[in-house]
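Written out below as structure tokens is the structure these notes cover.
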Protein chains: 2
Amino acid sequence: MTLHLDPVALNGAELFDALGEDDRMDVLRAGTVRRLAKGRRIFAQGDPGETCHTLLDGRVKIVQSRPDGGQSVIRFIGPGEMFGTVAALMDRPFPADAVAVVDSVEIHWPVTAMRRLMTRFPQLAICSAASAGRRLFELQERLGELSAERVEQRIARTVARLVRQAGRRTEEGVEIDFPITRQDLAEMTGSTLHTVSRTLSAWDERGVTASSRRRLVVRKLHLLLEIADPDDG
Amino acid sequence: MTLHLDPVALNGAELFDALGEDDRMDVLRAGTVRRLAKGRRIFAQGDPGETCHTLLDGRVKIVQSRPDGGQSVIRFIGPGEMFGTVAALMDRPFPADAVAVVDSVEIHWPVTAMRRLMTRFPQLAICSAASAGRRLFELQERLGELSAERVEQRIARTVARLVRQAGRRTEEGVEIDFPITRQDLAEMTGSTLHTVSRTLSAWDERGVTASSRRRLVVRKLHLLLEIADPDDG
DNA sequence: CGGGCAATTGAAGTAGATCAAGCCCAGTGG
DNA sequence: CCACTGGGCTTGATCTACTTCAATTGCCCG
């Protein structure tokens, strides 16, 4: 089965925004597009980083597992975002697993091909550096939060971030457009599913959110932001 | 007073390792070398990122201050490392302060000049992307630690990292070669100076470390690593 | 020699982890 | 169609590693 190759599919993809349509087509042809069934692991922590990926549709979770058996959710990838690229370009093993959380579509390139493309289109190299920079800043921010803020505040910030990344307006409010568990939230905030559960229950009570099994709707964003940033921001 | 411009001074500097001596000289000439008295602030959080820096000698602390008044020590920079570069290249304000913790020497370039240099020597661009990647991975690691490990373990890891970055062999053991306070350690581990003080006291007791005012010597590295990584690694 | 930054150390309080028990609901297969 | 099963969620009770508060000491530099 062949998926159609539409250069427009890459509109908004961070890696390709700076390229013209013709160039995009060349880049597309050098890669492989494939469907990913929900739950499918795209690469595993420790695998040699030999491929660069960009998500075209769906949602992918990047999870790091720690020696003690615990996991950390590093981030969720949305359409247009690349992943696995930094590791590949640095010839390092992947530092985390990548798992499709819903049925998704991605395109991927062997790192050798990507290097060739980057030589030909320096914009690609610059974009990928910028993307690394953005993530560096984001992590720095999260590091500061994690060491200074209380759990509720961290959960609020995390949910607010998810709203920005994956919020879909509904009549009820803004819904996170992919299934997310309390456990996920716990692993993103350095907490436990128990505490997350209690927190969400309390928020539901107050009408801030409406959460259910794998589903999260923010009904009063202003209140959430208030919790995330008490003395305003 | 003119500091002499010795291309060899840049040996081991991550940004320049890939360049020949002639090219290095060109790069050097485009920048400004200056001494930094201990305590001197090189740039401040929020300043427009208009300069790229590389430390030639000494030690620089990168500190983020949070809205609530607290601070996070993001990292310490040693000779050869660059700083402020990612922000500058992305046209973002600096996300943190940079402060010289001992008398130091740095070289810095206006970001416009650095962009020109990077076009001329693509290696510079690639190196700086790689450097961002390394730091990205390091932060990911720290994020995982911070959310999962107990304070003592985090302090141990942090000290172990400092030993790697700034350890100097002495007859007593390995000494961190710049002045560091309990407060610094607390801000690096997301803890308080009280807890750090108690922890170091306990370690001193056991002969793991020998700490005093702004000074830290690791006497039994194997024990420290044991604490940092209980079930081996 | 004195002023202030760094560090120590005790005592008390608490956020949130951990332990424990049970419930709810979406699939699955008979 | 209904019973079963297991993953996801809730909620109470207890426990504890840290923070916070408070006081004191000691070191270094001017």
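Residue numbers begin at 1 in each chain, while the letters A, B, ... track the order of the sequences. Below, all heavy atoms of this structure are taken into account, side chains as well, without hydrogens, waters or symmetry copies.
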Sugar-phosphate only, base, or nothing, as touched by B:Thr181 at under 4.0 Å among non-hydrogen atoms: sugar-phosphate

D:dG12 base / A:Arg198 side chain donor-acceptor hit below 3.5 Å: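 Such a pair exists between side chain and base.
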
Pair B:Asp204, B:Ser211: side-chain N/O donor-acceptor within cut-off below 3.5 Å: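 Indeed, the side chains of B:Asp204 and B:Ser211 share at least one donor-acceptor pair under 3.5 Å.
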
Side-chain donor-acceptor pair present, B:Glu81, B:Thr54, cut-off under 3.5 Å: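 Looking only at side-chain atoms, B:Thr54 and B:Glu81 do not form any donor-acceptor pair under 3.5 Å.
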
Could you tell me how far apart [X] ([atom1]) and [N] ([atom2]) are, to the nearest whole angstrom?
X: B:Arg214; N: D:dG26; atom1: CZ; atom2: C1'; result: 15 Å
X: B:Lys38; N: C:dC5; atom1: NZ; atom2: P; result: 14 Å
X: A:Arg150; N: C:dG13; atom1: CZ; atom2: C1'; result: 12 Å
X: B:Leu146; N: C:dG16; atom1: CG; atom2: P; result: 14 Å
X: A:Leu200; N: D:dT10; atom1: CG; atom2: P; result: 7 Å
X: B:Ile180; N: C:dA6; atom1: CD1; atom2: P; result: 13 Å
X: B:Glu152; N: D:dT16; atom1: CD; atom2: C1'; result: 15 Å
X: B:Trp203; N: C:dT8; atom1: CH2; atom2: P; result: 13 Å

A:Ser197 side chain near D:dT10 phosphate (N/O to OP1/OP2, under 4.0 Å): yes

A:Thr195 side-chain N/O to C:dG16 phosphate OP1/OP2 under 4.0 Å: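 A:Thr195 to C:dG16 OP1/OP2: no side-chain N or O under 4.0 Å.
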
Mutual orientation of the aromatic rings belonging to B:His108 and B:His53 [parallel < 30°, tilted 30-60°, perpendicular > 60°]: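 The rings of B:His108 and B:His53 lie parallel, inter-plane angle below 30°.
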
Parallel, tilted or perpendicular, as decided by the 30° and 60° cut-offs, for the rings of B:Phe43 and B:Phe94: parallel

DNA chain D contacts made by residues 185-193 of chain B, counting heavy atoms under 4.0 Å: B:Gly190, B:Ser191, B:Thr192

Main chain of [Y], side chain of [X]: is a donor-acceptor contact present, judged purely on distance under 3.5 Å?
X: A:Arg135; Y: B:Leu136; answer: no
X: A:Arg66; Y: B:Glu145; answer: no
X: A:Thr199; Y: A:Thr195; answer: yes

Candidates D:dT10, C:dA17, C:dT8 - which lies nearest the side chain of A:Val151: C:dA17

Contact state string [nucleotides 21-26 of chain C, B base, S sugar-phosphate only, - no protein heavy atom under 4.0 Å]: -----S

Residue among A:Ile180, A:Thr189, A:Leu216, A:Thr209 satisfying side chain to side chain contact (heavy atoms under 4.5 Å, CB included) with A:Val159: A:Leu216

Side chain proximity check, B:Pro79 to B:Leu56, heavy atoms < 4.5 angstrom: no

